[in-house]
Amino acid sequence: MAPGAKSISKITPPKGTRDMYPEEALKRRYLEQAWRDASVRCGFEEIHGPTFETTDLYAVKSGEGILGELFQAYSGKAPEELEQVRATGRAPYAVRPEFTPTLARMFAAKAGGLPRPCKWFTGGSYFRAERPQRGRLREFLQWNVDFVGDDGTSMGRAVADVEILGVAISLLRDLGLTRADTVVAYSDRRMAEAVLRHIGATDETLPAWFAWIDSIPKNPAAAMVKARELGLSDLEVRFVIGYFFNQKADARVLAALDENPTGTPAFVKFQQSLMMVPEVADSIAQLRRSADVIEQFGLGGWGVQHNAVVRGLAYYTGLVFEVLADGERAVAGGGRYDRLIELMGGPPTPAVGFAMGDVVVSLLLEDKGLMPQGAELMEAVSRRPASVRPEVFVVGADDESSDALVRRLCADLRRGVESGAYKDAGGRKPWSAARHDAASGGVRPMHARVSYKSTRNLKKLLADGEKQFSRLAAIVHGEDRVQLKDFDARRDLTPKDIGLSDTHAEFSVDPSSVVYVGRAAERVLG
RNA sequence: GUGGCCGUAGCUCAGUUGGUUAGAGCACCUGGUUGUGGUCCAGGGGGUCGCGGGUUCAAAUCCCGUCGGUCACCCCA
């Protein structure tokens, strides 16, 4: 050892980092594979950006808040860099604290040549120079999923929103989490904004009010004090709390008030007056539409509207949601950010997305006994990954009445069918190979896509599927009238061809049917 | 940046009115036994009690400082 050199055994890892020995590395792979599989099956494509960016990229959007928690860097190759650090306190580069600015930059750079929508996901390490605590470290993994460039119609937005919610829910389900473990709480920023404006919030005070609402559940008593500082009157506090925290789960928040405001005549009147506000009525209609689409995707019961979810960030413009679990920080969070890409210098592009860190979800899995160990862990990470090539492209044959059916089938294909054997066993070992075992009625989850084109022209829809290199197409005419087409072989398949049934002429969208499209596709694709 | 709790063997931890060579379980090593594999028996290695200073005849134990960890606040991308 060189004189004066420090023994490496004395050098501790930097605060908030983790060493991953083989067991931890495998657990990391388990989670990363779950992320990738869920995204891929839902038709998202993997991208990657650099792990450090110019500091300016983060300064544009984030402002003061984030800059204080950036790990900054300079190359050491140019003396003026050091000069800059000394003069401005800001290095030319920063290690990424989040992905969204990179996403916006990447999208803007090639916006003209990119298809719409772009459904992208990415996973990797992120860094924030904050004080570590439960569920929060300085280096962590994060999964980002974004739906960029929906068509901007009410229905297009709702579908994009629900696809994003749907990936998050797929992942929870894949990991074996249930509605008893987590809830996907969603709301609409525009509704919240309209309500607060109705009470008297302005452009200047709005962000502070959102931050205030965001802080209430953590410490209701302190929030009451803070309300005074914000200059809110007693009545305003009651209205806000009554409106945003009217769900059962918020008993603790309501308890911080001397009486529950929701039943009072003043509050009822306030609620009625809200319905007269066009923005409120609009956003409620949009939420209702989303709820319908959630049902079409078969996700009913997972999503719960929860007005108090507003998220602290300034840039959200519509749907906002969080995956919540008892006793933990938010497992994931996200929302719609229709102005952000434009703000970062790109073309005006609506977008919605979310992020999930590995720290909280890992704690949750460990607590619930849902993290495999030993041989099971090894087997779990050795399983076949989701097919990157789209397996089934689902299109509607006729008018829009089939749209709901198309979405339902697509969602069902992505979900797969759990086997009888798995369910009989109690279903708490989601990594088990028997989960979708065909021998006892299971169907494996598949990579299924739909077209986002507005055309009803079947020829164009099928061309879209072929352009995306889908292996099969499912053409939905009705519940029990589905055609299956093999793009590679350029021919139609029948239940008889693939040995599913001699008596049926067409396939079915019903997962319990012997001629279920998923069963057929699995037969063809293996 | 602020505050609470913690820091004794590789791991999980005992060990306070301060008092002789600092302990247990697990793990590890050696030998034996069981007609070679998660059995049993015997033995063994291993600790600057986070680090530095102070009080004391005497400090793992009390005081101050410091470093590290953890939890909460702040903040949430």
Side-chain angles (χ1 to χ4, degrees), chain A residues 6-7 9-19 21 23-24 49 51-53 55-72 89 94-105 122 124-146 189 207-208 210-223 225-226 229 308-317 320-324 327-337 339-341 343-344 351-360 363 367 374-375:
Chain A
K6 214 170 174 181
S7 160
S9 65
K10 293 256 170 66
I11 299 177
T12 55
K15 187 195 295 287
T17 62
R18 293 168 289 184
D19 293 336
Y21 293 90
E23 173 94 2
E24 294 91 70
T51 46
F52 69 98
E53 292 271 8
T55 306
D56 290 344
L57 181 72
Y58 301 114
V60 172
K61 181 202 73 174
S62 318
E64 345 62 55
I66 192 166
L67 290 174
E69 292 185 339
L70 282 180
F71 276 109
Q72 299 189 53
V95 189
R96 63 184 182 185
E98 55 165 330
F99 185 69
T100 309
T102 299
L103 175 93
R105 182 179 63 65
T122 189
S125 293
Y126 295 81
F127 310 83
R128 295 176 191 171
E130 62 189 348
R131 197 93 164 247
Q133 50 194 291
R134 183 175 175 85
R136 280 183 118 163
L137 296 172
R138 289 185 154 192
E139 178 182 16
F140 52 94
L141 298 169
Q142 197 177 72
W143 176 44
N144 282 260
V145 185
D146 292 274
R189 242 317 171 68
F210 279 137
W212 175 62
I213 291 172
D214 202 39
S215 75
I216 292 174
K218 266 176 266 174
N219 193 340
V225 177
K226 218 163 152 193
E229 293 165 13
V309 174
V310 297
R311 310 276 298 157
L313 275 176
Y315 61 62
Y316 288 116
T317 54
V320 281
F321 74 96
E322 290 179 344
V323 177
L324 305 173
E328 302 288 354
R329 295 164 194 286
V331 177
R336 176 164 283 280
Y337 51 97
R339 310 298 304 279
L340 187 64
I341 290 175
L343 204 125
M344 307 238 0
V352 55
F354 76 95
M356 175 183 291
D358 72 306
V359 186
V360 176
L363 287 170
D367 286 353

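Residue numbering restarts at 1 for every chain, and letters A, B, ... go by the order of the sequence lines.
- Regarding A:Met356, its CE atom lies at a distance of 17 Å from the C1' atom of B:C76, rounded to whole Å.
- The distance between atom CZ of A:Arg128 and atom P of B:G1, rounded to the nearest whole Å, is 19 Å.
- Atom CD1 in A:Ile213 sits about 15 Å away from atom P in B:C75, given to the nearest Å.
- Remark: the separation of the P atoms in B:G46 and B:A22 is 13 Å, to the nearest Å.
- B:A42: Watson-Crick or G-U partner is B:U30, with both key distances under 3.5 Å.
- The residue among A:Ser215 and A:Leu137 whose nearest nucleotide of RNA chain B is located toward the 5' end is A:Leu137.
- If you take atom C1' in B:A59 and the same atom in B:G54, they sit 11 Å apart, rounded to whole Å.
- Taking OH from A:Tyr315 and CG from A:Leu343, the interatomic distance works out to 11.0 Å, rounded to the nearest 0.5 Å.
- Across all strands shown, B:G25 is found opposite B:C11 as a Watson-Crick or G-U wobble partner, with both distances under 3.5 Å.
- Distance A:Arg131 CZ to B:C76 P: 18 Å, rounded to the nearest Å.
- Spacing between B:G15 and B:U70 at atom P, rounded to whole Å, works out to 24 Å.
- Comparing the same atom, C1', in B:U56 and in B:C63 gives a spacing of 12 Å after rounding to whole Å.
- Separating the OH atom of A:Tyr315 from the P atom of B:C76 is a distance of 12 Å, rounded to the nearest angstrom.
- Across the protein-nucleic acid pair, A:Gln133 atom CD and B:A72 atom P stand 6 Å apart, rounded to whole Å.
- B:G69 atom C1' lies 18 Å from atom CZ of A:Arg136, rounded to whole Å.
- A cation-pi arrangement, defined by a distance under 6.0 Å to the six-membered ring centre and an angle within 45 degrees of its axis, is absent between A:Arg128 and A:Phe140.
- Remark: B:U70 base-pairs with B:G4; criterion is Watson-Crick or G-U wobble with both hydrogen-bond distances under 3.5 Å.
- For the P atom pair drawn from B:C75 and B:G65, the interatomic distance equals 29 Å after rounding to whole Å.
- Rounding to the nearest 0.5 Å places CG of A:Leu103 at 6.0 Å from CD1 of A:Ile341.
- Across all strands shown, B:C75 remains unpaired; no Watson-Crick or G-U wobble contact has both distances below 3.5 Å.
- Separating the P atom of B:C13 from that of B:A9 is a span of 11 Å, rounded to the nearest Å.
- Atom CZ of residue A:Arg189 and atom OH of residue A:Tyr337 lie 14.5 Å apart, to the nearest 0.5 angstrom.
- Look at NZ on A:Lys15: it is 14 Å from P on B:U66, rounded to the nearest Å.
- Once rounded to the nearest 0.5 Å, the distance linking CG of A:Leu137 with OG of A:Ser125 reads 11.0 Å.
- The same atom, P, is picked in B:C71 and in B:G32; the two are 48 Å apart, to the nearest Å.
- Taking atom C1' in both B:G18 and B:U55, the straight-line distance is 11 Å, to the nearest Å.
- In this model, no donor atom of one side chain and acceptor atom of the other lie less than 3.5 Å apart for A:Arg96 and A:Gln142.
- Taking side-chain N and O atoms only, A:Arg329 has a distance below 4.0 Å to OP1 or OP2 of B:A72.
- In this structure, A:Arg134 and A:Ala129 both approach RNA chain B, and ranking their closest nucleotides by distance from the 5' end singles out A:Arg134.
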